[in-house]
Q: 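Let me begin by handing over the structure; questions about it come next.
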Amino acid sequence: MSRQQLDRLDCRILDMLATNARIPFLEIARECGVSGASIHQRIQKLTSLGVINGFETLISPSALGYDTCAYVGLCLNNPSDMDNVVEKLQAIPEIVECNFTTGRHDILVKVYARNNSHLLDIIHESIGPIGAGRTETLICFRESMHRRQVPICLPDD
């Protein structure tokens, strides 16, 4: 769905869902001045067009004992092996994000570990053997801005 195909109602719905994914459709309908069926149809349309990719529950890693967050940059021994490496990275449950990058690293992953010792084990025992010739680790002291949505609509929309 191209940018021009989003109307004001679509933008309003997306903004409300981005703020609170659990908001009832009827509450969205009341705020937007349309029927609940209209909201339901719009959300189905936005989902089928790939604008909405799903809804998720955000769980605090530290509440589950994962007190260390780190970004690990991987320089691959063989960059043509990237798909195989990513498949193996997906099997490591502590890795929550994986991105192809330009610059110093081929891949950048976000890892949650119980502590620094656990992080070291993940890097040496799980990440290293799958084709990373070299890694660079940045430990996150504190997350100050959690994942957020891109701007839904420009001010002149």
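Each residue takes its place number in the sequence, starting with 1.
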Q: State, to 0.1 Å, how close Arg104 and Cys75 come at their nearest heavy-atom pair, and which atoms those are.
A: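 Closest pair (atom of Arg104, atom of Cys75, distance): O-SG, 3.2 Å.
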Q: Look at atom CZ of Phe141 and say whether more than 12 heavy atoms of other residues, nucleotides or ligands are closer to it than 6.0 Å.
A: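 No, because the 6.0 Å sphere around CZ of Phe141 holds 12 heavy atoms or fewer from other groups.
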Q: Evaluate the criterion side-chain contact (heavy atoms from CB on, under 4.5 Å) for residue pair Asp10 and Val51; output intermediate values, then yes/no.
A: CA-CA 10 Å; Asp10 292 330; Val51 175; over 6 Å; no
Q: Please give me the minimum heavy-atom distance between Asn53 and Gly50, naming the atom from each residue.
A: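 Asn53 and Gly50 have their closest heavy atoms at OD1-O, 3.2 Å.
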Q: Where is the tightest heavy-atom contact between Ser117 and Asn115, given as atom of each residue plus distance?
A: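 Looking at all heavy atoms of both residues, the closest pair is N-OD1, 3.1 Å.
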Q: Run the salt-bridge test on Asp7 and Arg42 with the 4.0 Å N-O cut-off and return the result as yes or no.
A: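 Yes.
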Q: Taking distance alone, no hydrogens or angles, what donor-acceptor pairs closer than 3.5 Å link side-chain atoms of residues 21-32 to residues at least two apart or in another chain?
A:
none

Q: Is Leu46 close to Leu6 at the side-chain level, that is, under 4.5 Å between some pair of heavy atoms?
A: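 When only atoms from C-beta onward are counted, Leu46 and Leu6 do touch, with a gap below 4.5 Å.
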Q: Which heavy atom of Ala18 sits nearest a heavy atom of Ile152, and at what distance?
A: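 That would be CB-CD1, 4.4 Å.
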Q: Please indicate whether Glu143 has more than 12 foreign heavy atoms, meaning atoms of other residues, nucleotides or ligands, lying under 6.0 Å from its CD.
A: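 Yes, because the 6.0 Å sphere around CD of Glu143 holds more than 12 heavy atoms from other groups.
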Q: After noting the C-alpha distance and the side-chain angles of Val72 and Ile122, does the key distance pass the side-chain contact (heavy atoms from CB on, under 4.5 Å) rule?
A: CA-CA 11 Å; Val72 180; Ile122 293 167; over 6 Å; no
Q: Do Val111 and Leu119 have side chains that get closer than 4.5 Å, going by heavy atoms?
A: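 They are in contact (side-chain heavy atoms under 4.5 Å apart), so the answer is yes.
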Q: Between Val86 and Ile107, does a side-chain contact (heavy atoms from CB on, under 4.5 Å) hold up when you go through it step by step?
A: CA-CA 9 Å; Val86 170; Ile107 298 174; 3.9 Å; yes
Q: Does Val96 belong to the same Ile/Leu/Val/Met/Phe/Trp/Tyr cluster as Ile59, with side-chain heavy atoms less than 4.5 Å apart forming each link?
A: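 Yes, same cluster.
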Q: Are any of the side-chain heavy atoms of Val85 and Asp106 separated by less than 4.5 Å?
A: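 The answer is no, as the side chains (C-beta and beyond) never meet within the 4.5 Å cut-off.
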Q: Strictly distance-based, threshold 3.5 Å: is any side-chain N or O of Ser126 a donor or acceptor partner for the main-chain N or O of Ile123?
A: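 Absent.
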Q: Taking all heavy atoms of Arg114 and all of His118, pick out the closest pair and write down the distance.
A: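 Arg114 and His118 have their closest heavy atoms at N-ND1, 2.8 Å.
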Q: Are the side chains of Ile92 and Val109 in touch, meaning some heavy atoms are under 4.5 Å apart?
A: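 Side chain of Ile92 against side chain of Val109, heavy atoms only: no contact under 4.5 Å found.
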Q: Give me the atom names and distance for the closest heavy-atom approach of Ile95 to Glu97.
A: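 Reported closest heavy-atom pair: CG2-O, 3.4 Å.
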Q: Run the numbers on Asn116 and Leu120 for side-chain contact (heavy atoms from CB on, under 4.5 Å), then give the verdict.
A: CA-CA 6 Å; Asn116 287 351; Leu120 187 61; over 6 Å; no
Q: Which residues satisfy the ring pair (Phe, Tyr, Trp, His ring centres under 6.0 Å) test with Tyr112, sequence neighbours excluded?
A: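 In terms of ring pair (Phe, Tyr, Trp, His ring centres under 6.0 Å), with neighbours along the sequence ignored, Tyr112 is linked to no residue.
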